[in-house]
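Single-structure report; data block below.
Residue numbers start from 1 in every chain, and the chains themselves are labelled A, B, ... in the order their sequence lines are given, proteins ahead of strands.
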Amino acid sequence: MSYISSEKLAEDAKQAWEELTKRTEPLKPKDRMAIPAQEMPSQDPAIRRTNMKEVALGYTPEQAKLEAERCLQCKTAPCIAGCPVGIDIPGFIQAIADDNNQKAIDILKESSLLPAVCGRVCPQETQCQAPCTVGKVLKSVDKAVSIGRLERYVADWERENGLIETPAIKPETGKKVGIIGTGPAGLTVAADLRREGHHVVLFEAFHKPGGVMIYGIPEFRLPKAIVQKEIDVLTKMGCELKPNFVIGRTRKIQSLLDEDGFDALFIGTGAGLPRFMNIEGENLVGVYSANEYLTRANLMRAYEKDHADTPISDSKKVAVFGGGNVAMDAARTAVRLGAKEVHLIYRRTEVEMPARVEEVGHAKEEGVIFHLLENPKRILSDEQGWVRGIECLRYELGEPDDSGRRRPMAIEGSEFEIDLDTVIVAIGNDSNPLIRQTTPGLETNKWGNIVADENGKTSVERIYAGGDIVLGAATVILAMGEGRKAAAAMNEMLANS
Amino acid sequence: MSQILEKRQLSETVFLMRLDAPLIARERKAGQFIILQLCEDYGERIPLTVADADPEAGSITIIFQAVGKTTQQMALMNVGDEIAALVGPLGSPTHIENFGTVVCIGGGIGIAPLHPIAQAMKAAGNKVIIIMGARNKELIILEDEMRAIADELIICTDDGSYGRKCLVTEPLKELCEQSPKPDLAVAIGPPIMMKFCAETTRPYKVPTQVSLNTIMVDGTGMCGGCRVTVGDETKFVCVDGPEFDGHLVDFDNMMNRLNFFKKQEDHACKIGLHGGSKK
Ligand code: FES
């Protein structure tokens, strides 16, 4: 994928749109599929390597309409089945094509509370866009209708025109609900419960709400102002926000229910316990978890070196272990913080990488060096106990394992070294034990995730849970989907109690 | 936001502050700490031990040494000023029970977090022997408070300006040699002091608890920045600690990790001192 400037993309789209509007007879499926798939305009890689601004710039109106015209409006709508929250995708796309953005956003908001976020961070190529007929016919999921980009386009249109409305609230019920954690799951539940007229209190351990959308996902992929806007809506709706409040420490779950008058609680604390590889040298100076590296850079704003008190390494040669979105975020953050060389080390191949295709593409464009089928064996120390490099092994793919992915196997004797000053471990998270340890009776599974039924109900009366703390590490949209189900069950429970 | 209710200077660089924090005061137990921040956008998050708490008044007491950017700025703040963000109580509380005889060793600013632990040990029925050490007389803090708790109080200074002229490990060794030897030692102070306390008690097999103060970000187990090597395992100080078996802690690795951001911090402190606030 070579870089095409946003000006060129805009210009091409303008022309193509003019051509299209000249036509008098209605478009046939063949015509629709002949419309060029619209690329996402983005900042020039050479420039964006040095700034934190959002990389993807969003469609122009012509691009959006062209892309919307590519949709065949299939009666079967396979895309809807691919969406974890079941958005009426053909419906909102038709509204864009009809030049009715307001209708488009209304349709989106029936199912999704955070379209500006989901349009940016959802892995559409494995969800709604995977079964898209256009992509199937053109034999490439890259050529499917860009549902995510259209979703983002509409959400941005609403926000930039100041049209975001505070949803209507039903009469106060006098019931009080606590939401623990202010990530995607928590925010979703808060909105759905508040709409029914319940008093909602949001607890956040950090000094700022937003969870992974604020501390983890970098500004260049999801601008903080967008998340803040979503949170502003909640406060306008009358949700109460309590930052600097660690449930399990500042107050225990049981006290909230027994003494503080909460009628129900939702736990959406995410999967915040970084996993390490348990290899030699992992506690050397210069080794970070991706959580720490990204939190320093994003939430604590260490990238603004002249303002922030929170330090971060002036790394020159960095290795990131892992192949997910978090690994890409960490690698691309290191690039922006001035690293000369950033190596991404992943023991399988690009096909198995869990990261979004778009992020992998962006990382490559920004000069991240991909090491596939390689895995670190140990981290090497200098005399002072600082990282000086890693020893890696080469791998090959063997038979498929339980997950259906071919199992990577080390090639014996293939050791080699890479010189480094910083290592970032981005191989995932386990569930944080704090709530589990301080809440007797709350059932968890062997991985420490809270056990909840399909409605988010846990083993303890009046306590619900959802998002990564139940699913293990998943995605924003799945967390949101879970949140919606739990909120519906909670609303029902509260109405009947 | 948390208001400063009281401020006292205990020595040239050591300050005591009482902060309005009713929720933390209510839940806090000996051995726990808080994390605070002076500016929500650009401030760093630093951990400080809770030296005391008054649940009725809804206040907690912290004692800090003005050594970094944030603590130096705090030294310039006054009663009525607000701390932008304060979260806690964090960490696991100290395990308190009647062990028999407990030696509490506090070095420098470490005397502050030791105080509530000594207090709780005493309340649990232990015989409490306290050893306090500092570079000089000036830096010995909370002497009256500790004297009120201790069955025996030993003060050591490096320069001999007060008490015995020796390191805290000297009286500690003497106590270990006595019969019966202490049932537990609790050491809090600079890492190097805790390391040598652990080395001192090791041959006598006196269980020795140390309280670690590492670099932290969130304080809830989310970042792993606070991790230390204890025995063969990696532990997170903010959730698994701050107290660990001193005979198992890899102090050399811990001290290295404390220097992670030395270069950047020296830079920040200079700006902080001479350039005023960076905001
Ligand atoms: S301070 Fe982040 S895990 Fe302990």
Taking side chain as everything from C-beta outward and backbone as N, CA, C, O, which of these in [X] sits under 4.5 Å from a heavy atom of chain B? Side chain, backbone, both or neither.
| X | result |
| --- | --- |
| N432(A) | side chain |
| D314(A) | both |
| V287(A) | both |
| E304(A) | side chain |
| L294(A) | neither |
| T295(A) | side chain |

Query raised in the report: Just checking, R336(A) and Y303(A): is the charged tip under 6.0 Å from the six-membered ring centre and within 45° of the axis?
Result: no

Requested in this report: Report yes or no: is the cationic atom of R301(A) (NZ for Lys, CZ for Arg) closer than 6.0 Å to the six-membered ring centre of Y42(B), at no more than 45° off its axis?
Outcome: yes

May I ask you to say whether [X] pairs ionically with [Y], meaning some side-chain N is under 4.0 Å from a carboxylate O?
| X | Y | result |
| --- | --- | --- |
| D41(B) | K208(A) | yes |
| D421(A) | K316(A) | no |
| R18(B) | D54(B) | no |

Check whether [X] gets within reach of chain A through its side chain, its backbone, both or neither, counting any heavy atom under 4.5 Å.
| X | answer |
| --- | --- |
| N253(B) | side chain |
| R26(B) | side chain |
| R227(B) | side chain |
| L86(B) | backbone |
| E40(B) | both |
| S92(B) | both |
| I24(B) | neither |
| E233(B) | neither |

Query raised in the report: Out of V246(A), I312(A), L434(A), which one racks up the most heavy-atom pairs below 4.5 Å with chain B?
Result: I312(A)

Report task. Please state whether the rings of F206(A) and Y215(A) are parallel, tilted or perpendicular, taking 30° and 60° as the class boundaries. Result -> tilted

Report task. Take the angle between the ring planes of F203(A) and F245(A) and call it parallel below 30°, perpendicular above 60°, tilted in between. Result ->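 Answer is tilted, since the angle falls between 30° and 60°.
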
Requested in this report: Under 4.5 Å, counting heavy-atom pairs only, tell me which of T70(B), T229(B), V228(B) racks up the most with chain A.
Outcome: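 Max contact count across the listed options: T229(B).
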
Report task. Sort out for me which of N256(B), N259(B), T234(B), I35(B) touches chain A most, counting heavy-atom pairs under 4.5 Å. Result -> N256(B)

Report task. For residues 54-74 of chain B, pull every pair meeting ring pair (Phe, Tyr, Trp, His ring centres under 6.0 Å), keeping only residues two or more places apart or in separate chains. Result ->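 Checked against ring pair (Phe, Tyr, Trp, His ring centres under 6.0 Å) - neighbours excluded - the pairs reaching residues 54-74 of chain B are F15(B)-F64(B).
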
Query raised in the report: Does the separation of the ring centres of Y288(A) and F260(B) fall below 6.0 angstrom?
Result: yes

Query - Worked check of side chain to side chain donor-acceptor pair (under 3.5 Å) between S289(A) and N291(A) - result: CA-CA 5 Å; S289(A) 73; N291(A) 284 3; 5.1 Å; no

